[in-house]
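Presented below is the structure to which this report refers.
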Amino acid sequence: MSKILIVEDEAKIARFVTLELEHEGYEVKSACDGRSGLQLCLDWKPDLMILDLMLPELSGIEVCRRLRQQSDVPIIMLTAKDDVSDKVMGLDMGADDYMTKPFAIEELLARIRVALKKHRADTAQSTGARSAGKLHMEPASYSAGYGDEAISLTKKEFDLLNYLWQHENNAVTRDDLLTNVWGYEFTGDTNIVDVYIRYLRQKIDDRFGIKTIHTIRAVGYMFRYEQE
Ligand code: CA
C-alpha cells in the first residue's frame, strides 16, 4: 500500500482528497503548512507527496527546493490558479507534475498512478548496471571493472561508488553519504568518508588514469566520468 502525504492549507480540499485516496487504498497523512509538511515528509517518507504551492510558514516552492536536497519522492503540485510562472518554478525546483485547482479527482488519481509507476521504474533502473567510458559496475553481482579488468572493491567501497554514481553530476554531502552508505545517523567524525574516497580513487582513478570522483569544496563529492 503506497503512502501519500498531502500538504494543503485548505481544510476542505485536504479532507476531500484524503477521503478519496483512502478509498483507493492509499495510506494518507496530511499537513496544513509548509514547515510541518516538509518535516512530515522527511520523517514519514511517503511514496508520493501532493503539495499545494500557496502555503503558510513555507511556500510549496521552498518545501520542494529543500526536499530535493535529500529526497526524490515524487511531488505533484497544486496551484490555485493557472499561474504559469509558479508552475515553471515548481517544476524547476524538482516537482514531477502539477494540477490546477479546481481539478477532477479522477485526474489527480490518474496522475498519482503515473508518478508512482514512473518512480518505481526509475528506482529499479538506478539499482541496475551502469557504465561510463570503460568503467562499469553491476550492483546485482557486486562487481565492477574497467574494460576487461576487474576492480576489486569491498562492500562499503562498492556501496559508496554506487551511491555517488546514482547521483552522477550532483554533489553529495558527507552527511548524505554517511546516512545512505553507512546507514545510520553519524554524529562523530566524517573523516571515514574521506578515507573511503581515497581507497576508491586509488583503485579506480589512479589505477586507470581517469577522473571519476571529484571533490566539491565545502560540500562533499561528486561522480563525473572524465578521461584524463
Ligand atoms: Ca493554499
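In this chain, residues are counted from 1 in sequence order. Order of appearance sets the numbers: ligands from 1, and atoms from 1 within every ligand.
For E24, the salt bridge (charged side-chain N to carboxylate O under 4.0 Å, His left out) test picks out no residue, with sequence neighbours left out. R35 pairs by the salt bridge (charged side-chain N to carboxylate O under 4.0 Å, His left out) definition with E57, not counting sequence neighbours.
Judged purely by atom type and a 3.5 angstrom limit, D52 has no side-chain atom pairing as donor or acceptor with the backbone of L55. Counting only distance, with no hydrogens or angles, the side chain of E10 and the backbone of K12 share no donor-acceptor pair below 3.5 Å.
Residue pairs meeting the ring-ring contact (aromatic ring centres under 6.0 Å, His included) criterion with at least one member in residues 19-57: none, sequence neighbours excluded.
Here the protein contributes D9 OD1, D52 OD2, M54 O as N, O or S atoms under 3.0 Å from the Ca ion (ligand 1).
Nearest heavy atom pair, residue I151 against residue K203, reads CG2-O, 4.1 Å.
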